[in-house]
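Heads up: the structure comes next, in structure tokens.
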Amino acid sequence: MKEYLISVFKELETQIPELKETQLIFEIPKSELHGDLSTNIAMQLAKKLRKNPREVANDILSKIKFDDNLISKVEIAGAGFINFFFNPNYLTYIIPKILDKKDNFGKSEKYSGKKANVEFVSANPTGPLTVGHGRNAVIGDTIANLLEWVGYKVDREYYFNNAGRQMRVLGDSVRLRYLELLGEKVDFPEDYYQGDYIKDIAQKLFNEYSDKLKNESAEGIFKEVAEKEIFDDIKKTLSSLNINHKIFYNEKSLYDEGNISDLLKVFEQKNLSYHKDGAIWLKLTSLGQEQDKVIVKSTGEPTYRLPDIAYHITKFNRGYDLIVDLFGSDHAATYPDVLAALRALDYDTEKVKVLIHQFVTIIKDGEIVKMSTRKANYITLDELIDEVGKDVVRYFFNMRNISSHMNFDLTLAKKQSDENPVFYLQYAHARICSIIRTVENENLKPSIENLDLLKTEEEKDLLKKLNRFEEEVLMAAENFEAHRICFYLEDLAAAFHKFYTFRRILGSEKNIAEARLALIIAVKTVLKNGLTILGVSAPEKM
RNA sequence: GCGCCUGUAGCUCAAUUGGAUAGAGCAUCUGACUUCGGAUCAGACGGUUUGGGGUUCGAGUCCCUACAGGCGCACCA
């Protein structure tokens, strides 16, 4: 429909040349009184033509003839909006379309043929995933889903580093706990990993090797076993949320394959780096950044920046059209340097979309829980999933704009069952399934023969909402905003529940009953597809 | 001190990217089923969009400023 209106206005360009320079926008008005689509084009033109907006609108309409089969009414309203009212029959076209496409309804081909990489979680294996990682994990996976729905071929990627200082400390933490088990008195440093999982790993090593590891170094078996155990747990946690990364990219391979040394040479050749105080610095100030930063320490060890840049270069070289980086606000300061460097090396950083999500504040028994991996004062993602379930976790993290500093009230979440919107959606789906089961016994079949009988307010409202789904998916994907899907689905479910309260299938005249049956099957399909994007199940019974 | 994010109803959050009368859920109050799932529906209450300036036909949204909170500001990642 939008396409139709755009084409009509395009034809008008010959008569009103200024139209070419204005952005033609059609939007769905907030209020139904303002029609099904609306444009502010007259107001935009008014400025250029130095005329009254309503006059311009009148002028435009006098020059256009609309197809009566599509548009039933056009009006000028407010300061100069032009509102379009669809022919009601047009709305019902969506039902056969949904019934035909089923699980694929809502998908589009707009970006088909394009490849995207979504990097998310990317926590180093130093401890179990926390609730904070959970937000990252869920958002990342859902964005990947959304991109797939609009045609991208998506790789989900996890970047990690098992070489640096963090991992050395991890290994040594395990070693010290192990020595404790041997009865040695050790002084366990405060800035080491305090969590019980370290003791568990030490215990495991003790069970297997007894005291044979007494003289092993932290970097050897202690680190290796710790990394493996913890990474296995991380993968298990993610998989319990149905999150499975295709690629685990180890920073170490960047050294092994020479990417790091190559990059250093390039910086040198392009005169983008210099030596000072025994370290190598990147000339970020010449790239518009605040200050130069060290890329190789005086010890000869690179800082994280260098591999970060090399890593992103591999993403370009791997041929992605879209590169999504998702991380928490604690890392927000690092990416501008990386992007500046990439730009200086002539990579098209328009392809890189950096998404920053704000932190989750955990509230338990009315108090804020301060979290720290090091101090082992945190709530793990596993605990959260155990307490509220996978669907609630996924829905909850998806339902808010990523820039919101969201609160997670754990006490409420635990007792939450009828208060949580995810149940509201699932209930609507299960209810429709139940109706279908019941109605089938009455020898009714969904029919699209008499959809024009769907003309009550409740039915029209549902039809309008069904008509919006494809665009919602596209908007959510293009803006990387999964929460729009949540709000849309809640809206749709509410419209269904209202329909259910006032309009019946059983007991209605057969043609109406069968048209309504087709309608609710369409609603069920859209609910399920929306929940699928979010990674939430759509149960047939609850 | 500097940078990024945030501030909207009692609480948790939206607002079609600058549009029309700022909307939902929860909480509170009042109502609604002898038949398809009451985990539901209808209604009421609730706002100086943190304060103050500015930009324009039009501002929750953009600019300036003050205040409050979160996150950063390494030769850690």
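Chain naming here is simple, since letters A, B, ... match the order of the sequence lines and numbering starts at 1 in each.
When heavy atoms are screened at a 4.0 angstrom cut-off, A:P29 is found touching base atoms of the nucleic acid. Using a 4.0 Å heavy-atom distance criterion, A:A332 is classed as making no nucleic acid contact. A:E440 comes within 4.0 angstrom of no nucleic acid atom, judged by non-hydrogen atoms across all strands. Among the protein residues, A:M406 comes within range of the sugar-phosphate backbone only, with heavy atoms under 4.0 Å from sugar or phosphate atoms but none that close to a base. Base contact: A:E540 has a heavy atom under 4.0 Å from a base atom. As judged by a 4.0 angstrom heavy-atom cut-off over every strand, A:A77 is placed among the base-contacting residues. Within 4.0 Å (heavy atoms only), A:S298 reaches at least one base atom of the nucleic acid. Within 4.0 Å (heavy atoms only), A:R468 reaches no atom of the nucleic acid at all. Backbone-only engagement by A:N401 is indicated by non-hydrogen atom pairs under 4.0 Å involving sugar-phosphate atoms exclusively. A:Y500 comes within 4.0 angstrom of a base, heavy atoms only. Looking at heavy-atom distances under 4.0 Å, A:T361 makes no contact with the nucleic acid at all. Contacts of A:A430 with the nucleic acid, taken as non-hydrogen atoms under 4.0 Å apart, include base atoms. Residue A:D292 is out of contact with every strand shown, counting any heavy-atom pair closer than 4.0 Å. Nucleic acid contact class of A:N124 (heavy atoms, under 4.0 Å, all strands): sugar-phosphate only.
Between A:G507 and A:E290, it is A:E290 whose nearest contact on RNA chain B lies nearer the 5' terminus. Where A:S434 and A:Q44 meet RNA chain B, the nucleotide closest to each residue was compared, and A:Q44 sits on the side nearer the 5' end.
Between the P atoms of B:U65 and B:A24, the separation comes to 36 Å (whole Å). The same atom, P, is picked in B:U40 and in B:A27; the two are 10 Å apart, to the nearest Å.
Distance from the side chain of A:R431 is smallest to B:G37 among B:G19, B:U12, B:G37. With distances taken from any side-chain atom of A:N407 to the nucleotides B:G37, B:C13, B:U16, the minimum falls on B:C13. Looking at the side chain of A:N479, the nearest of the listed nucleotides B:G37, B:U17, B:G19 is B:U17. Taking only side-chain atoms of A:F487, from C-beta outward, the nucleotide of B:C13, B:U35, B:A77 with the closest atom is B:C13. Nearest nucleotide to the A:R484 side chain, out of B:C75, B:U17, B:C41: B:U17. Side-chain proximity of A:L506 to the nucleotides B:C36, B:C76, B:C41 is greatest for B:C36. The A:S329 side chain lies nearest to B:C71 when the options are B:A20, B:G37, B:C71. The side chain of A:I505 approaches B:C36 more closely than any other nucleotide in the set B:C71, B:C36, B:A77.
One donor-acceptor pair, N or O on each side, does fall under 3.5 Å between the base of B:A20 and the side chain of A:S38. For B:C41, the base has no donor-acceptor partner in the side chain of A:H497 [N/O atoms by modelled type, under 3.5 angstrom]. Under 3.5 Å, the side chain of A:D409 and the base of B:U12 form no donor-acceptor pair of N or O atoms. Evaluation of atom-type donor-acceptor distances gives no pair under 3.5 Å for the side chain of A:D491 against the base of B:A14. Contact annotation: side chain of A:N40 to base of B:G19, donor-acceptor pair present below 3.5 Å.
Spacing between atom OH of A:Y424 and atom P of B:G25 amounts to 8 Å, rounded to whole angstrom units.
Side-chain nitrogen and oxygen atoms of A:H483 include at least one within less than 4.0 Å of the OP1 or OP2 phosphate oxygen of B:A15. Listed pair A:K293 / B:C75 fails the phosphate criterion, with no side-chain N or O lying under 4.0 Å from OP1 or OP2. Residue A:S403 places at least one side-chain N or O under 4.0 Å from the OP1 or OP2 atom of B:U6.
In B:U12 the O4'-C1'-N dihedral to the base is more than 90° from 0, which defines an anti nucleotide.
Residue-nucleotide stacking is present for A:F81 and B:A20, judged by a side-chain ring centre under 5.5 Å from the six-membered base ring centre and planes under 30° apart.
Within the cation-pi definition used here (under 6.0 Å to the ring centroid, within 45° of the axis), A:R504 does not qualify as a partner of A:F502.
Using a 4.0 Å cut-off between charged side-chain N and carboxylate O, A:E514 and A:K510 make a salt bridge.
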